[in-house]
Participant: 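After the structure tokens below, expect a handful of questions from me.
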Amino acid sequence: MTENNIDGITGFFDIDPRLVELAESAQEELTESFKRIDRIAEYNTFKVLKAFTKNKVGENALHGTTGYGYNDLGRELLDRVYADSLGAKDALVRHSFVNGTHALSTALFGVLRPGDRLVMCTGSPYDTLEGVIGLRKQGGIRSGSLIDFGVEYGCVGLKSDGMPDHERIFESVKGAKVAYIQRSRGYSTRPSYTIDDIKRLVSVIREANPSAVIMVDNCYGEFVDRLEPCDVGADLEIGSLIKNPGGGIASTGGYIAGREELVSLCADRLTCVGMGKEVGASLNQNREMFLGFFIAPQTVASALKTSELACMMLNKLGFRSLPMAGLPRADIISSIEFGSVGPLTSFIRGVQKGAPIDSYVTPEAWDMPGYESKVIMAAGAFTSGASIEFSADAPIREPYAAWLQGGITYPSGKAGVLIAIQNMLDEGTLTL
Ligand SMILES: *Cc1c(COP(=O)(O)O)cnc(C)c1O
């Protein structure tokens, strides 16, 4: 055996040896960052294992139910395991949430009533929530949005540095029923917020309005840090199972975790008032949801390292990334600015080439519903659309940035990053 793999791996995918050297030195420089990521993954793995053992998850919990889904032990224990791991009192983890937006929508409709006020504390929400809230013009008068149901809406813009505006939030949340925080930045260029940022926000909101329901969109944030939003005082936290907490294993689903009476309102909204959490067949999903959640801390660590490596290599090649490599992260997302359409497209196509599924497909930019400009996407995933798997997408507009995320194992993520950058060389949009 040779001491390093360099000669070997250049051969599998025809990778320029200089790129492999660059990857090796980038990885070397990331030693401290990787250690920090590993320590967090270790902590969170212990935490999740504790939740499994404390709740006595047995082999029988891995089997599902059919029909009404009464007495579904697996479903009930999965809720307990999520709650205990995510710093919450209760949780609603269901494969029947069709995506993260559905879970967020269920929580908003579950808690808000006509005449109540919803305040976004972290600027405009993620694009798909515009429909839920009623910010988009839609056909017909009765859109069924929150605003259509008589919910009042307010949004506090961010400060010029992209951070929450505490003073204005303090004034705006007075009298609000729900104060909403979005942890990850979506397609905006603000920073994603750390658990400390969320903790500060929670204390500002609490001081202004002790009874506000503080709801956090936790998408892409789970297990990136030791604590979760509910650990630092949020009332509800919500996310998608084809992102971090599904561990790359769950086929679909979402979760809502938080205070018991609020989770119960959400469950009544998801199923029927009076039935709440007591129904809903888990079919054959329990095993993969348990397994996915069990490995999720490690999957998140792999995704974080993949992101770090991509940023470090591309930073060294002269491209700016948000965040820059080596800094502590609040989520698994990186955006990398390519400055023009050529290198951006080559990179995205290279990400597709480096994916295990559909590697032979060439992504094209298309008019995605709900987006202003064309979008190009690379997604060669075992689970359709799963962004915990190595994937990238980019709106074709200034500053020609690719949003990169995922990597369910670090070595496969590393290979993917190398193949993506090699594709820039091959297409002549990058020279070394
Ligand atoms: C992914 C995401 C969502 C939910 O998106 P879905 O595609 O519906 O799962 C919501 N908020 C943020 C910040 C996200 O990143």
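What you are looking at is a predicted structure, and each value in this text was computed from that prediction instead of being measured. We count ligands from 1, going down the list as the structure has it; atoms in each ligand are counted the same way.
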Participant: Tell me, which pairs form a side chain to side chain donor-acceptor pair (under 3.5 Å) where one or both residues lie in residues 162-172, sequence neighbours left out?
Facilitator: E171-K174
Participant: Determine whether the aromatic ring centres of residues F223 and Y43 are separated by less than 6.0 angstrom.
Facilitator: no
Participant: Using the side chain to side chain donor-acceptor pair (under 3.5 Å) criterion, which residues pair with D38? Sequence neighbours excluded.
Facilitator: K305
Participant: Should you measure from each heavy atom of L104, which atoms of ligand 1 turn up under 4.0 Å away?
Facilitator: 10 (C)
Participant: Give me the residue, atom name and distance of the protein heavy atom closest to atom 9 (O) of ligand 1.
Facilitator: G100 N, 2.8 Å
Participant: Under 4.0 Å, counting heavy atoms only: does D331 come that close to any atom of ligand 1?
Facilitator: no
Participant: For ligand 1, find out whether one of its N or O atoms is nearer than 3.5 Å to an N or O atom of T101.
Facilitator: yes
Participant: Which residue owns the protein heavy atom closest to atom 12 (C) of ligand 1, what's the atom, and how far is it?
Facilitator: D217 OD2, 3.3 Å
Participant: Let's go through S321 and N315 carefully: what are the C-alpha distance in whole Å and the side-chain angles of both, what is the deciding distance for side chain to side chain donor-acceptor pair (under 3.5 Å) to 0.1 Å, and is it a yes or a no?
Facilitator: CA-CA 7 Å; S321 66; N315 290 166; 3.0 Å; yes
Participant: Check each of D79, T252, T271, T106 against R94 using the side-chain hydrogen bond (donor to acceptor under 3.5 Å, both in side chains) test, and report the only one that passes.
Facilitator: D79
Participant: What about Q182: any of its N or O atoms under 3.5 Å from an N or O on ligand 1?
Facilitator: no
Participant: Tell me, which protein residue and heavy-atom name are nearest atom 3 (C) of ligand 1, and how many Å apart are they?
Facilitator: K243 NZ, 3.3 Å
Participant: Kindly state whether the ring of F293 and the ring of F52 have centres lying under 6.0 angstrom apart.
Facilitator: no
Participant: Out of all atoms in ligand 1, which are within 4.0 Å of some heavy atom of Y220? Include the element for each.
Facilitator: 15 (O)
